[in-house]
S.K.: 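Provided herewith is a single structure, encoded as structure tokens, for subsequent inquiry.
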Amino acid sequence: MSDLKRGLGEAVQAAFADLGLPPDLGRVTVSDRPDLADFQSNGALAAAKQAGRNPREIATAIAERLAADPRLASVEIAGPGFINLKLTDAALAARAAQVAADPRAGAETVETPRRVIVDYGGPNVAKPMHVGHLRSSIIGESIKRLYRFRGDTVVGDAHFGDWGYQMGLLIGAVTDENPAIGAEVERLNAEGSTDEPVPAVFEAVTLADLDRLYPLAAARGKEDADYRDRARKLTAELQAKKAGAFLLWRRFAQVTQEALTRDFHALGVDFDLWKGESDADPLIPEMVAELAAKGLLEDDQGARIVRVAREGDKRELPPLLVVSSEGSAMYGTTDLATILDRRRTFRPDLVIYCVDQRQADHFEIVFRAAQLAGYAHPGQLEHVGFGTMNGADGKPFKTREGGVLKLSDLIDMTRAKASERLHEAGLGEDLTVDEFQETARKVAVAALKFADLQNFRGTSYVFDLDRFTSFEGKTGPYLLYQAVRVKSLLRKAEKEGASVGPIAVAEPAERDLALTLDAFNAALVEAYDRYAPNVLAEHAYRLAQSFSKFYAACPMLTAGLAVRASRLSLAGATLRQLELALDLLGIETPEKM
RNA sequence: GCGCCCGUAGCUCAACCGGAUAGAGCAUCCGCCUUCUAAGCGGACGGUUGCAGGUUCGAGUCCUGCCGGGCGCGCCA
């Protein structure tokens, strides 16, 4: 079952082939001029250019071959050689009926499913999530769901940032502040085992402590060489699995993961794997040996590196730093080892790194090194970068007090506002307290996620609290509102014994809704190919809007029997597709609001 | 200095391999609730797509140069 756009595309392409023209020029797109047509093909223009012929002539020849197509009410040539295609109401109705009958609401699956890993780019130990972390989790989650829905086998991995120099900094800062912990670390380093449980003294460490200490330690590490050297030494101790350092680190990871799990859960984001950089650590020795055996490793200024620069590069790309002069594994080391680990345990066809755009160079370096080492083919590793979130001043977002806004605070604020609005509107009064809370949570999450996902991931954007927590216009709550209206309508219809029936389209709003329903698959394909959830978000919004217009223009319960049955079918198809699209964006739909 | 990204309506963002009249939302103004949820619907206003060239039948989109902004450039992650 194919959507109309593709079906018509095949017909036009066949007509191009008939005329001895390149078939791929016969691509059909949704019309730019809905007043003139439903779909259009611009291929005659490109073909004319290639063949040195008159475009209108070619367009006319194509149109003659399409005239007999029973799906088309009209085929017209316009302007320099646009081919305008208008569908019959019957063809539209038939397609809408297909969508209505399809559990996948008209969405197809990929021909050859792949094994895919989505790497969420690592929330870090010791750093509570702030608004800057919204993007990787929201975009990553949506991409994961989208790929899975299209038929791929997908695993989402948090890729926890839990290894490296920052851990050494923290171990130093915490032991300095709390001598009891320091003494216990010393004792365990000397005579303990990493198999022991985390000692009770370490439980004094909270996420708030880490959050407070880390920026101080990082700043001091930058200006104080001795402090930095000590932190590096502690990092090396941790990576050498000294029991004291290791168990204290376990405590850091514990408290952080608890908080992160809570925040992610509130956002409806869940990982299939909660692996960390530390999990790749055991593979590092053999990986280093292998890199050396392959002749890829070079000694340079006391460190060991892999050179990845290529002939023809526009500038010199720095090498991958595999082993620091202190003997520590670096960011790129664990990333490369993780590629090796995944290759062995999952054999992915594709790994999607959903990470800040600023790390593009880093990934280019790691990916090149992976290819040199034979761990990956070109195209198998994709960095899907996203822009940064800035404040109204164009700089990274800060609260009025100058601090970062914690993600959990943002969610709470938005949820409180949603509750307030529900109360104001007198909505949800028949809900229990729990149901009401749950609805407010869903509204809040929808607002936050949709505000992010409607932007193309690659561009940076301004974080505006009012806009993020806005419930009117092109927002998540608008989409939920439309879905809930359909649900309410269908409940009422059921109570009145009204049933669905064959779909007919006649009114402009019905035609428009049917066309929008048809566009779902194309939106999914594009969002999938371009790693661009905003394409899907845009479709969901258009669908909600089409429905809202239809809802206003086409009464259902008061209509005649056949019309009512048809419109209820359209409403049902809309609901299913809208809920599916929202789910793929990671947005849950409440029953009532 | 070198490299990457960006510059679209007052604001925040879209725009499918280069196509017709560059679209939404917010804001402003005007209409629409005794009938299915008004968090809605309809309408108005709003543009030299940073500037200057070039390629093309056709450029927001491709090329060159400038201006403005963001980011990155091995021992943080």
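Everything numeric here is computed off the predicted structure, so don't read it as measured data. Hydrogens, waters and symmetry mates play no part in the numbers below; they use all other heavy atoms, side chains included.
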S.K.: With a 4.0 Å cutoff (strictly under), does any side-chain N or O of A:Thr459 reach OP1 or OP2 of B:A14?
M.R.: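 It does, given that an N or O in the side chain of A:Thr459 lies less than 4.0 Å from OP1 or OP2 of B:A14.
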S.K.: Provide, to the nearest angstrom, the distance between the CH2 atom belonging to A:Trp249 and the P atom belonging to B:A77.
M.R.: 14 Å
S.K.: Using a 4.5 Å cut-off on heavy atoms from C-beta on, say whether the side chain of A:Leu480 contacts that of A:Leu582.
M.R.: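 Yes, their side chains come closer than 4.5 Å.
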S.K.: Under 4.0 Å, heavy atoms only, any strand: does A:Asp32 hit a base, just the sugar-phosphate, or nothing?
M.R.: base
S.K.: Answer yes if the ring centres of A:Tyr541 and A:Tyr478 are under 6.0 angstrom apart, and no otherwise.
M.R.: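 Aromatic pair counts; centres sit under 6.0 Å.
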S.K.: Is any side-chain heavy atom of A:Lys474 closer than 4.5 Å to one of A:Phe450?
M.R.: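 Sidechains of A:Lys474 and A:Phe450: in contact.
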S.K.: Measure from the side-chain heavy atoms of A:Glu538 and tell me the nearest of B:A20, B:G74, B:A14.
M.R.: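 Nearest to the side-chain atoms of A:Glu538, counting from C-beta on, is B:A14.
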S.K.: Side-chain polar contacts of residues 567-575 of chain A - donor-acceptor pairs under 3.5 angstrom, sequence neighbours left out - could you list them?
M.R.:
unit_1	atom_1	unit_2	atom_2	d
A:Arg567	NE	A:Glu510	OE2	2.9
A:Arg567	NH1	A:Pro555	O	2.8
A:Ser569	OG	A:Gly501	N	3.2
A:Ser569	OG	A:Gly501	O	2.6
A:Ser569	OG	A:Ala565	O	3.1
A:Thr574	OG1	A:Leu570	O	2.8

S.K.: Select base, sugar-phosphate, or nothing to describe what A:Ala360 touches, counting heavy atoms under 4.0 Å on all strands.
M.R.: nothing
S.K.: Using a 4.0 Å heavy-atom cut-off, does A:Lys49 contact any base of the nucleic acid, only the sugar-phosphate backbone, or nothing at all?
M.R.: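 A:Lys49: base contact, heavy atoms under 4.0 Å.
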S.K.: Side chain of A:Arg358: nearest nucleotide among B:G3, B:G72, B:G74?
M.R.: B:G72
S.K.: At under 4.0 Å, does any side-chain N or O of A:Asn534 touch on OP1 or OP2 of B:A15?
M.R.: yes
S.K.: Atom CG of A:Leu234 and atom P of B:C75: how far apart are they, to the nearest Å?
M.R.: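 My rounded result for the distance is 20 Å.
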S.K.: Looking at every strand, decide which applies to A:Gln301 at a 4.0 Å heavy-atom threshold: base, sugar-phosphate, or nothing.
M.R.: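 A:Gln301: base contact, heavy atoms under 4.0 Å.
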S.K.: Check residues 39-51 of chain A and write down every donor-acceptor pair under 3.5 Å in which the side-chain atom is one partner and the other belongs to a residue at least two apart or another chain.
M.R.:
unit_1	atom_1	unit_2	atom_2	d
A:Gln40	NE2	A:Asp32	OD2	3.1
A:Ser41	OG	A:Arg27	O	3.1
A:Ser41	OG	A:Gly43	N	3.4

S.K.: Going 5' to 3' along nucleotides 31-43 of chain B, which nucleotides have protein heavy atoms under 4.0 Å from the base (write B), which only from the sugar-phosphate (write S), and which from neither (write -)?
M.R.: -----BBSBSSS-
S.K.: With sugar-phosphate meaning primed atoms plus P, OP1 and OP2, does A:Gly164 contact a base, only sugar-phosphate, or nothing at under 4.0 Å between heavy atoms?
M.R.: sugar-phosphate
S.K.: Looking for any heavy atom pair under 4.0 Å, which part of the strands does A:Lys5 touch: base, sugar-phosphate only, or nothing?
M.R.: base
S.K.: Do A:Phe436 and A:His423 have ring centroids that are under 6.0 Å from one another?
M.R.: yes
S.K.: What nucleotide, of B:A20, B:G74, B:A14, holds the atom closest to the side chain of A:Phe82?
M.R.: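 So the nucleotide nearest the side chain must be B:A20.
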S.K.: May I ask which nucleotide in the shown strands pairs with B:C17, Watson-Crick or G-U wobble, both distances under 3.5 Å?
M.R.: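 Per the H-bond distance test, none.
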S.K.: How close or far is atom P of B:A77 from atom CG of A:Leu170, stated in whole angstroms?
M.R.: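 It works out to 12 Å between those atoms.
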S.K.: Rounding to a whole Å, what distance do you find between A:Arg315:CZ and B:C71:C1'?
M.R.: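 Value for this atom pair: 12 Å.
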S.K.: Hey, does A:Asp35 reach any base, or is it just sugar-phosphate, or nothing, if we go heavy atoms under 4.0 Å?
M.R.: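 Counting heavy atoms under 4.0 Å across all strands, the contact made by A:Asp35 includes a base.
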S.K.: So what does A:Asn84 touch, heavy atoms closer than 4.0 Å: a base, only the sugar-phosphate, or nothing?
M.R.: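 Answer is base: heavy atoms of A:Asn84 come under 4.0 Å of a base.
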S.K.: Considering just the side-chain nitrogens and oxygens of A:Arg232, establish if one lies under 4.0 Å of OP1 or OP2 belonging to B:C76.
M.R.: yes
S.K.: Taking only side-chain nitrogens and oxygens of A:Lys314, does any of them come within less than 4.0 Å of OP1 or OP2 of B:C2?
M.R.: no
S.K.: B:C75 C1' sits how many Å from A:Glu298 CD, rounded?
M.R.: 16 Å
S.K.: Can you see which heavy atom on A:Ala303 is nearest to which on A:Leu321, and at what distance?
M.R.: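 Nearest pair, atom of A:Ala303 first, then A:Leu321: CB-CD1, 3.5 Å.
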S.K.: Calculate the interatomic distance between A:Leu45 atom CG and B:G58 atom P; express it in whole Å.
M.R.: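 Atom-to-atom, A:Leu45 to B:G58, this comes out as 12 Å.
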S.K.: May I have the distance from A:Arg27 (atom CZ) to B:G19 (atom C1'), rounded to whole angstrom?
M.R.: 11 Å
S.K.: Can you check whether A:Arg304 reaches A:Asp300 side chain to side chain, under 4.5 Å on heavy atoms?
M.R.: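 Of all side-chain heavy-atom pairs linking A:Asp300 with A:Arg304, none is under 4.5 Å.
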S.K.: What is the separation between atom CG on A:Asp300 and atom C1' on B:C75, rounded to the nearest whole Å?
M.R.: 11 Å
